[in-house]
Amino acid sequence: MIICLLLATTLSVAATAAPSTALPAALALARAAESPELRTELEAAVAQTIALQGGLAEAEKIAAALPPYQHASVLLALAEVTSLVERAAAEKFLLAVQTDKALTTDWHKSRIARGLAVAYARLGRLDTAEVFAREVPDTEDRAYALQAIVGPLCQAGEVARARELAGSIEENRRYGTYRQKAEALAQVATALHSRGDNEGAATLLAQAALLLPKKPGWSDGGAMRGVAVAQYACGETASATALLNRADDLASAIAGPWKVSEFTQISAAWRRCGESARADQRLAEAAISLTTLTVTDRIPEALTLARAQFAAGQKLAARELLAATLAEALELASPEVARAHHVRTLLAWAELFSTEPLPTE
């Protein structure tokens, strides 16, 4: 997903920091990929990271040679950075993204439209954001886009409009959009609570909880965490703990490699609900689960875990994990698979440790 690929760097710092030593190596590796599809995918990922570290001109130059979908992903990163300091530049990038949207088909068009909705919401162009969100062709992407606008609406003081928008999200069981609706209602509940409307907040939290299935699957964990965190913020501590325990049980029951990712998410939710010890325990369990995976499954999950460790203040653990992952990526038998994992690990290093030298240097 375009937005999911935008790395979570502190933009105000990144815009002034020197570029990471990992980025030139990552770009060279990406450009040497034999497959055109892999090459453009990796180049776009590198350009996004360069943009988020303040290399706007270089990122734009790389983007210019990419196909529409990848071009759009980089321009959305550029718009994210420039929206903080130069609104006109961000608007220009988003106009170019609209051209990319017109040139794409199938699921790419939905993802670009979703990205535009989020970007315009970030700029405060809420009417435009809603137009793009409602025009997203894919049902699930449309629900995500509408949900993404709810927070900015609340921040702008348009809580009633946010409530109406959250309520308009389709409760589609086939595509799981009840999850986005539940999280959106929970976001509005938090805004109402902060304004002193405890009764209104409780009503929306109850509606959000009712949307969650009685027999949830692991993919319901995100919505459960979102509602639980909102319950905690609104003073419903017992309900939040009970729901997080259910989400925790779901994560623990996962048999696939994504168990590590789910543990990092449940850890973050426990931390937001004041349970630091449980949060640290889940990160430790994620690290144990990581060791049980095959190397090709382990590498992408390791990057997720390293980011979670870094966010939790466990910087040494994150650094050591990335160093080990980089070594593993270099040893993979398939050159192109190794290349892809190598590039993505370098980007994670650049994101988290910026100008620190690479472990191999």
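Not measured: the values here are computed from a predicted model.
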> Given 3.5 Å as the limit, does a donor-acceptor pair link the side chain of Lys109 with the main chain of Thr104, or not?
yes
> Using side-chain heavy atoms (C-beta onward) and a distance below 4.5 Å, is Leu94 in contact with Leu76?
yes
> State yes or no: do Leu303 and Leu352 share one hydrophobic cluster built from I, L, V, M, F, W and Y residues joined by side-chain heavy-atom distances below 4.5 Å, directly or via other members?
yes
> Run the numbers on Arg87 and Thr82 for side-chain hydrogen bond (donor to acceptor under 3.5 Å, both in side chains), then give the verdict.
CA-CA 6 Å; Arg87 184 186 180 93; Thr82 55; over 6 Å; no
> Identify the heavy atoms of Ala340 and Leu38 that sit nearest to each other, and give their distance.
CB-CD1, 4.0 Å
> So Glu351 and Thr49, side-chain hydrogen bond (donor to acceptor under 3.5 Å, both in side chains) or not? Walk me through it.
CA-CA 7 Å; Glu351 174 193 344; Thr49 309; over 6 Å; no
> With side-chain contact (heavy atoms from CB on, under 4.5 Å) as the test, would you mind laying out the steps for Leu42 and Arg344 before giving the verdict?
CA-CA 8 Å; Leu42 294 178; Arg344 294 185 180 111; 3.9 Å; yes
> Does Leu123 belong to the same Ile/Leu/Val/Met/Phe/Trp/Tyr cluster as Leu52, with side-chain heavy atoms less than 4.5 Å apart forming each link?
yes
> How close do Pro357 and Thr21 get, counting heavy atoms only, and between which atoms?
CA-OG1, 4.1 Å
> Which residue pairs satisfy the side chain to side chain donor-acceptor pair (under 3.5 Å) criterion with at least one member in residues 197-214, sequence neighbours excluded?
His193-Asn198
> Under 4.0 Å between a side-chain nitrogen and a carboxylate oxygen: does that hold for Arg298 and Glu301?
no
> Look up atom CG in Leu126 and atom OG1 in Thr128, then write down how far apart they are to the nearest 0.5 Å.
8.5 Å
> Does Gly157 offer a backbone N or O that forms a donor-acceptor pair with the side chain of Arg195 under 3.5 Å?
yes
> Just by distance, do the side chain of Arg114 and the backbone of Asp141 share a donor-acceptor pair under 3.5 Å?
no
> Can Asp280 and Ser267 be said to form a side-chain contact (heavy atoms from CB on, under 4.5 Å), step by step?
CA-CA 7 Å; Asp280 290 339; Ser267 170; 5.8 Å; no
> Within the side chain of Thr264, is there an N or O that forms a donor-acceptor pair under 3.5 Å with the backbone of Ser261?
yes
> Side-chain heavy atoms nearer than 4.5 Å, only ILVMFWY residues, links allowed to pass through others: does that put Phe353 and Leu326 together?
yes
> Has Arg179 got a side-chain atom pairing as donor or acceptor with Ala223's backbone, closer than 3.5 angstrom?
no
> In the single-linkage hydrophobic clustering (I, L, V, M, F, W, Y; side-chain heavy atoms under 4.5 Å), do Val81 and Phe93 co-cluster?
yes
> Using distance alone, with no hydrogens and no angle criterion, decide if Ser334 and Glu336 have a side-chain donor and acceptor under 3.5 Å apart.
no
> Are there more than 12 heavy atoms of other residues, nucleotides or ligands under 6.0 Å from atom CZ of Arg272?
no
> Is there a path of hydrophobic side-chain contacts, each under 4.5 Å between heavy atoms of I/L/V/M/F/W/Y residues, joining Leu192 to Val150?
yes
> Would you mind checking if Lys61 and Glu58 are paired as a salt bridge, meaning a charged N to carboxylate O distance below 4.0 Å?
no
> So do Leu185 and Leu205 actually touch side chain to side chain, heavy atoms under 4.5 Å?
no
> I'd like to check Asp100 versus Tyr69 (side-chain heavy atoms, cut-off strictly below 4.5 Å). Are they in contact?
no
> Using a side-chain heavy atom cutoff under 4.5 Å and only I, L, V, M, F, W and Y, what cluster partners does Ile266 have?
Leu244, Phe263, Trp270
> So, do Leu153 and Val188 sit near enough that their side-chain heavy atoms are less than 4.5 Å apart?
no
> Evaluate whether atom CD of Glu164 has more than 12 neighbouring non-hydrogen atoms of other residues, nucleotides or ligands under 6.0 angstrom away.
no
> How long is the straight-line distance from CZ of Arg39 back to CD of Gln70, given to the nearest 0.5 Å?
11.5 Å
> Under 4.5 Å between any side-chain heavy atoms of Leu23 and Leu27, yes or no?
no
> Is it true that a side-chain atom of Thr177 and a backbone atom of Glu170 form a donor plus acceptor pair closer than 3.5 Å?
yes
> Check this for me: does any side-chain nitrogen of one of Asp127 and Arg161 sit under 4.0 Å from a carboxylate oxygen of the other?
yes
> Measure the shortest side-chain to side-chain distance between Leu243 and Arg246 over non-hydrogen atoms and say whether it is less than 4.5 angstrom.
yes
> With a 4.5 Å limit on heavy-atom distance, are the side chains of Pro300 and His341 in contact?
yes
> Using modelled atom types and a 3.5 Å cut-off, is there a donor and acceptor pairing between side-chain atoms of Lys181 and backbone atoms of Gly167?
yes
> Do the charged groups of Arg134 and Glu130 touch, with an N to O distance under 4.0 Å?
yes
> Quick one: do the Arg142 and Asn172 side chains pair a donor with an acceptor below 3.5 Å?
no
> Test salt bridge (Lys or Arg N to Asp or Glu O under 4.0 Å) on Glu262 and Lys259 and set out the steps.
CA-CA 5 Å; Glu262 286 296 301; Lys259 182 174 186 173; over 6 Å; no
> Quick one: does any side-chain atom of Ser110 pair with a main-chain N or O of Asp138 as donor and acceptor, under 3.5 Å?
yes
> Can a salt bridge be assigned to the pair Arg339 and Glu34 using a cut-off of 4.0 Å between side-chain N and carboxylate O?
no
> Would you mind checking if Arg125 and Glu91 are paired as a salt bridge, meaning a charged N to carboxylate O distance below 4.0 Å?
yes
> Count the heavy atoms of every other residue, nucleotide or ligand shown that sit under 6.0 Å from CZ of Arg174, and state whether that count exceeds 12.
no
> Give the ring-plane orientation class for Phe132 versus Tyr120, where under 30° counts as parallel, over 60° as perpendicular and anything between as tilted.
parallel
> Before you tell me yes or no, could you show the steps for Val260 and Leu293 under side-chain contact (heavy atoms from CB on, under 4.5 Å), namely the whole-Å CA-CA distance, both residues' side-chain angles and the distance that decides it to 0.1 Å?
CA-CA 10 Å; Val260 175; Leu293 303 178; 4.2 Å; yes
> I'd like to know if Arg31 and Glu43 make a salt bridge, using a cut-off of under 4.0 Å between side-chain N and carboxylate O.
yes
> Could you walk me through whether Glu183 and Arg225 pass the salt bridge (Lys or Arg N to Asp or Glu O under 4.0 Å) test, one step at a time?
CA-CA 9 Å; Glu183 290 195 70; Arg225 294 189 298 268; over 6 Å; no
> Search all heavy atoms of Pro359 against all heavy atoms of Ala323 and return the closest pair with its distance.
CG-CB, 3.6 Å
> I need the minimum non-hydrogen distance between Val227 and Ala186, along with the two atoms involved.
CA-CB, 4.1 Å
> If you measure from OG1 on Thr241 to CD on Glu275, what distance do you get to the nearest 0.5 Å?
6.0 Å
